Protein chains: 2
Amino acid sequence: MGTVERITTAMAELMRRQGYAATGIAELARAAGVPNGSVYHHFRGGKRDVAARALRESGAAYGQLLPTLLEPYDDLATGIEAAFAEAGRTMAESGWMAMCPVATVTAEIADVEPELRAVGADVMTGWVEGGAAFLRGRGLGDDDAREVVHAVLAALEGAFVVARGLRSREPLDAAGRALGAWVATLPVGVPAP
Amino acid sequence: MGTVERITTAMAELMRRQGYAATGIAELARAAGVPNGSVYHHFRGGKRDVAARALRESGAAYGQLLPTLLEPYDDLATGIEAAFAEAGRTMAESGWMAMCPVATVTAEIADVEPELRAVGADVMTGWVEGGAAFLRGRGLGDDDAREVVHAVLAALEGAFVVARGLRSREPLDAAGRALGAWVATLPVGVPAP
DNA sequence: TTCGCTCTAGAGCGAACGTTCTAGCATCGT
DNA sequence: ACGATGCTAGAACGTTCGCTCTAGAGCGAA
């Protein structure tokens with residue numbers, strides 16, 4: 001694993017655990033196992049630069065998570081419910097910190113670090129477009145696909161936050177059941193190519 | 001308005017805008033219009049103490065928000081949809097920063113400031129219990145009431161984060177329509193006393 | 001007036017922050 | 001063999017951090 005990659009993955013991990021502001025360069029370098037100065041050699045723009053790259057990379061990974069979780073289920077509604085339940089299991093196993101770094105950082109710095117907010121918006125837009133394409137492939141209409149993605153994304157990120165605070169799976173389970181039941185009522189046409 | 005109150009409201013405002021870690025005591029004192037030392041005179045426990053009080057106070061205020069928004073609507077489902085839409089309007093007007101400080105801070109510091117996480121959990125538990133009682137009063141069964149509160153809370157907090165990042169009402173509108181449609185399918189009995 | 005107390009006011013503390021700088025090591029093509 | 005280059009390594013810079021400390025303003029009680 002290259003040095004750059006070690007730095008960005010360490011940054012993503014630290015950011016999802018404690019956010020952007022509380023993560024220092026020295027701490028990052030220690031976590032990545034590189035000297036302080038190497039961070040600035042590879043990331044000319046300093047801390048903000050590292051955070052932006054880390055958000056983009058981990059954002060891309062998270063974007064593939066939902067389609068992957070839904071893939072095995074023929075029925076979209078039960079798939080969504082199962083995906084939320086799986087997220088709850090993962091979170092409990094990780095000691096309630098397996099949250100998405102994009103949401104953590106966006107909530108924290110949206111009004112103070114415009115460049116990072118823009119990166120987060122980019123990543124989220126990618127999720128929405130990718131997710132909508134996936135759902136259209138499952139037979140949903142254009143508008144419904146977009147609406148489902150936004151509702152699922154919001155519920156998932158929010159349930160992460162509440163579950164993390166309460167240290168309970170209940171928010172994730174409840175949100176999953178609610179959205180599953182709702183999606184089950186939507187009309188499904190012939191799957192698009 | 002007393003000094004203590006000025007400090008806690010300023011802290012809540014700063015935390016929802018930029019989180020806990022990025023908010024300094026000097027900045028807080030300036031925003032509250034009090035000298036640096038006064039903060040420590042009134043809050044022996046320092047920054048953490050201020051944050052805890054600010055979270056409890058603004059948390060109580062937010063807890064009354066949803067019942068207040070739902071009150072005018074006879075039908076719960078349309079009330080929920082309208083409440084999400086109203087939240088979206090408020091957020092757009094505020095320049096996309098009218099988020100809930102409890103969610104922002106919980107996401108940011110859950111694993112690093114155990115005391116503040118516990119405060120956030122306390123506040124959220126109050127929301128869930130208060131919200132469930134309200135919904136039982138609207139005729140929902142015990143289990144359904146709890147499930148609806150958790151789903152609505154998760155969707156609302158998550159939609160705030162995504163809307164803030166994207167600077168768009170779409171997440172809030174989509175989440176509101178989804179949850180409204182789902183709640184409309186739940187059985188409603190005779191309103192409890 | 002004078003004491004006692006609360007709170008204001010801000011200077012000052014050591015530590016940690018993001019960043020820059022210089023020195024040294026390794027691996028090239030020539 | 002050799003300078004050039006890419007990267008490591010960490011000391012050091014000025015600033016800002018959370019917090020403590022001291023000095024005094026304000027005010028009711030005696």
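Chain identifiers are assigned alphabetically (A, B, ...) following the order of the sequence lines, protein sequences preceding nucleic acid strands; residue numbering begins at 1 within each chain. All values below were derived from every heavy atom in this structure, side-chain atoms included, with hydrogens, water molecules and symmetry-related copies excluded. Computed from a prediction, not measured in an experiment: that's the story for all the values here.
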Residue list, side chain to side chain contact (heavy atoms under 4.5 Å, CB included) with B:Arg177, at least two apart or on another chain: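 Only A:Glu147, B:Glu81, B:Asp173 meet the side chain to side chain contact (heavy atoms under 4.5 Å, CB included) criterion with B:Arg177.
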With sequence neighbours excluded, residues passing side chain to side chain contact (heavy atoms under 4.5 Å, CB included) with B:Val128: B:Arg146, B:Val149, B:His150, B:Leu153
Are any of the side-chain heavy atoms of [X] and [Y] separated by less than 4.5 Å?
X: A:Trp182; Y: B:Thr185; value: no
X: A:Met124; Y: A:Val102; value: yes
X: B:Gln18; Y: A:Glu113; value: no

What donor-acceptor contacts under 3.5 angstrom involve side-chain atoms of residues 58-70 of chain A, with partners at least two apart or in another chain?
residue, atom, partner, partner atom, Å
A:Ser58, OG, A:Ala54, O, 2.9
A:Tyr62, OH, A:Arg16, NH1, 3.1
A:Tyr62, OH, A:Met99, O, 3.2
A:Thr68, OG1, A:Gln64, O, 2.5

Sidechain-backbone polar pair: A:Glu108 side chain, A:Ala21 backbone, donor-acceptor under 3.5 Å: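 Answer holds: yes.
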[X]: salt bridge (Lys or Arg N to Asp or Glu O under 4.0 Å) partners, not counting sequence neighbours:
X: A:Asp122; answer: A:Arg56
X: A:Asp111; answer: B:Arg164
X: B:Arg6; answer: none
X: B:Arg117; answer: none

side-chain N/O B:Ser38 vs C:dT8 OP1/OP2, d < 4.0 Å: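 Checking C:dT8 against B:Ser38, a side-chain N or O does come within under 4.0 Å of OP1 or OP2.
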Short side-chain N/O contact from A:His42 to OP1 or OP2 of D:dT8, under 4.0 Å: yes
Contact letters for nucleotides 15-22 of chain C, in which S counts primed atoms plus P, OP1 and OP2 and B counts the base, heavy atoms under 4.0 Å: ---SBB--
Qualifying residue, where the test is side chain to side chain contact (heavy atoms under 4.5 Å, CB included) with B:Leu76 and the options are B:Val183, B:Leu186, B:Val188: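 Running side chain to side chain contact (heavy atoms under 4.5 Å, CB included) over B:Val183, B:Leu186, B:Val188 with B:Leu76 returns exactly one hit, B:Val183.
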Dot-bracket summary - DNA chain D, pairs being Watson-Crick or G-U whose distances fall under 3.5 Å, with | when paired to another strand: |.||||||||||||||||||||||||||||
Under the side-chain hydrogen bond (donor to acceptor under 3.5 Å, both in side chains) test, residues paired with B:Arg30 that sit two or more places apart: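 None.
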d(CG, B:Leu28; C1', D:dT16) in whole Å: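 B:Leu28 atom CG is separated from D:dT16 atom C1' by 16 Å.
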Rounded interatomic separation in angstrom, taking NE2 from B:His41 and C1' from D:dC21: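 Value for this atom pair: 14 Å.
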Nucleotide N/O to protein N/O under 3.5 Å, stretch nucleotides 23-28 of chain D:
none

Contact list for DNA chain D against residues 3-17 of chain B - heavy-atom distance below 4.0 Å: none
